[in-house]
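Reading through the structure tokens given below for one structure.
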Amino acid sequence: MSRAVMGCWSLIIFQLMFVLYDTVYAPVAMPVTENLAVMLRLYVCTALAILVVVLKSEVCRPVGGEALLVATLWGVIGLAAWLAVRENHLRCFLELYALGVVPLVGIVLMQLRFVSALVLSAGGMAIVISVALGVTMSYAHMDFAIVFVFMAFCLFSLIASFRIEFSARHAYLMTSIDQLRLQDVESRNAELQEMACLDPLTQLYNRRHLIEVLKQHHGDAQQAKSGVSASHPAPPLPCLALMMMDVDHFKAFNDHYGHVAGDNCLYQIAQALQETLDREKGAGIAGVLEGKEAALASVVRFGGEEFTALVAVRDLEHARSLAEAMRYAIKSLKLPHRESELGVVTLSVGLCVIPLSRLLEGEGMEDEMTRDMAVETLLSRWVDQADKGLYRAKRHGRNRTCVQRGNGNGKVRAQASDDLCDGLDDERQAAQQGERQNAQHDEPKAELPDHRPPMGGAGLS
């Protein structure tokens, strides 16, 4: 449309030059207002100015706009030809030589598509030929010269139009190919990034994913701190619960059942943990949290038989209930474990609960890399605290959840062991007694059915 507007202004200048030409060579006794050629050309300039306004209003679609431009250019050619031959005078016939400028403006300056340019040239040639052959010229073969000059203008303009359109289409195709290649590279990079953050055995995210989750929580904390408006303040900041979960006596499990069974056991535990967390997010303990906080919760394989979960919770009791639900889900699988006191695979959980506002410690640092390092440092501190809770759970008999309370800076407050650890001691003692009565140390190694997917790789058992 901008090129069409530029072409219309060029045609207006072209018509004004003819007005000047007709005014200079008009008879002295004839007023300008009585000069028909001058008045008609001024009317054409007015019509072209109106067309500029129409084109700028963008009411014309590209195809409709080109048809309107072609019709306008035909009208300019026809009017100029008629005005040139209405007086049987040499100076009027000489104006016909300048008609080739009209298709030149339309094809080159307006950059009409090649098909539209071809239609414009054919129509213009028909108009010029009919005028040249229908009027007796002052000189012999002058009609042929006029048609030849107009045809030369059209021919060279069509060649330029073809090359311009060919270059534009070629550039469009090359740009599309580059975009497709870029999309393919981005897709492959995303797949590689996903593979780098995915554990091949359990199909869970690995510890790298924890950093990304924590960064997203950091963004949520910033939004919650700023609030939406004075009339709609931000809700209270939730807490973050970091759970370190370890399979009890897993080395003994591998020694007794074999590493293949150990990998299968880890896969089933991983699926049970993630399903429990998803279920609690949807309609249970964690279901009270909505939005990004609940969506970010996922179980991560931290290494070997250790699993981690970083979840936004309301308070300590909320986090403890969620950890107990996940611990009980593993016990409910009833995976046989001859070397365990309960005779089944169990889980010990170390829990550390930190206010989400601790994530804003690194705020105010302009360097993004510095903020990332601050987030990673905080995560290391929290993992260390949750690890201490996990060691307490191991020391207190396993198959339990122990809370390690701290302020997020690595400073831990001393708490009584009975208040911090949850477990089912009576069940453990009953199972211990039954195990001692039914122990058969010479029985062959049992084999667990393989529930791993075909793509599961070897685990870090």
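These numbers come from a predicted model, not from an experiment.
Of the possible polar contacts, one joining the Gln271 side chain to the Thr202 backbone as a donor-acceptor pair under 3.5 Å is found. Proximity of a side-chain donor or acceptor of Ser157 to a complementary backbone N or O of Phe153 within less than 3.5 Å is detected.
With salt bridges taken as basic N to acidic carboxylate O contacts below 4.0 Å, none links Arg188 and Glu191.
For CZ of Phe156, the number of neighbouring non-hydrogen atoms (other residues, nucleotides, ligands) closer than 6.0 Å is 12 at most.
The shortest distance between side-chain heavy atoms of Met243 and Leu322 falls below 4.5 Å. Side-chain contact between Arg301 and Asn206 is absent, with no heavy-atom pair separated by less than 4.5 Å. Inter-residue side-chain proximity for Ile354 and Cys239 is flagged as unmet; no heavy-atom pair is nearer than 4.5 Å. Two residues are said to be in side-chain contact when any heavy atoms from C-beta on lie closer than 4.5 Å; Phe162 and Ile159 fail this criterion. Contact check for Met142 versus Leu94: side-chain heavy atoms found under the 4.5 Å cut-off. For the pair Arg320/Val403, a side-chain contact is recorded, criterion being any heavy-atom separation below 4.5 Å from C-beta on. Within the 4.5 Å cutoff, side-chain heavy atoms of Val105 are placed close to those of Val101. At a threshold of 4.5 Å between non-hydrogen side-chain atoms, the residues Gln268 and Leu335 count as touching.
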Expected list for residues 122-135: side-chain donor-acceptor pairs under 3.5 angstrom, two or more places apart:
residue, atom, partner, partner atom, Å
Ser130, OG, Ala126, O, 3.0
Ser130, OG, Ile127, O, 2.7

Residues 70-82, side-chain donor-acceptor partners within the protein, below 3.5 Å, at least two apart:
residue, atom, partner, partner atom, Å
Thr72, OG1, Leu68, O, 2.8
Trp74, NE1, Leu120, O, 3.3

Distance-only check: which donor-acceptor pairs under 3.5 Å involve side-chain atoms of residues 169-182, not counting sequence neighbours?
residue, atom, partner, partner atom, Å
Arg169, NE, Glu165, OE2, 3.1
Arg169, NH2, Glu165, OE2, 3.0
Thr175, OG1, Ala171, O, 2.8
Ser176, OG, Tyr172, O, 2.9

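Between the OG1 atom in Thr401 and the CE atom in Met244 there is a gap of 13.5 Å [rounded to 0.5 Å]. Note: Glu66 CD to Ser116 OG = 3.5 Å, rounded to the nearest 0.5 Å. Once rounded to the nearest 0.5 Å, the distance linking CD1 of Ile146 with CG of Leu99 reads 8.5 Å. Atom CG of Leu48 and atom CZ of Arg41 lie 12.0 Å apart (nearest 0.5 Å). Expressed to the nearest 0.5 Å, how far CG of Leu118 lies from CD1 of Ile107 amounts to 8.5 Å. Between the CG atom of Leu42 and the OG1 atom of Thr46 there is a distance of 6.5 Å, given to the nearest 0.5 Å.
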Applying side chain to side chain contact (heavy atoms under 4.5 Å, CB included), run through Val383 and Phe302 and close with a yes or a no. CA-CA 10 Å; Val383 168; Phe302 200 75; 3.9 Å; yes
Between Leu242 and Arg381, is a side chain to side chain contact (heavy atoms under 4.5 Å, CB included) present by the stated rule, with each step listed? CA-CA 11 Å; Leu242 181 64; Arg381 293 174 180 173; over 6 Å; no
Kindly indicate, with the supporting measurements, whether the criterion side chain to side chain contact (heavy atoms under 4.5 Å, CB included) is fulfilled by Glu324 and Val349. CA-CA 8 Å; Glu324 281 295 292; Val349 183; over 6 Å; no
Would Leu11 and Met110 count as a side chain to side chain contact (heavy atoms under 4.5 Å, CB included) if you check the C-alpha gap in whole Å, the side-chain angles of each, and the deciding distance to 0.1 Å? CA-CA 11 Å; Leu11 289 177; Met110 293 184 177; 4.3 Å; yes
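For Ser348 against Leu390, the heavy-atom pair with the smallest separation is O-CD1, 3.3 Å. Minimum heavy-atom separation, Thr276 to Ala329: OG1-CB, 3.1 Å. Shortest non-hydrogen contact noted between Ala117 and Leu112 is N-CB, 4.3 Å. The minimum heavy-atom distance between Leu204 and Ala270, with the atom names listed, is CD1-CB, 3.3 Å. Nearest heavy-atom pair, Leu201 versus Tyr267, reported as atom, atom and distance to 0.1 Å: O-CD1, 3.4 Å. The minimum heavy-atom distance linking Ser161 with Arg113 is given by the pair OG-C, 4.2 Å.
Of the residues listed (Leu266, Ile269, Val345), the one engaging Phe250 in a side-chain contact (heavy atoms from CB on, under 4.5 Å) is Leu266, and it is the only one.
When only modelled atom types and interatomic distance are considered, Asp278 and Gln274 share a side-chain donor-acceptor pair under 3.5 Å.
Aromatic ring pairs are classed by plane angle as parallel below 30°, tilted from 30° to 60° and perpendicular above 60°; the pair Phe253 and Tyr257 is tilted.
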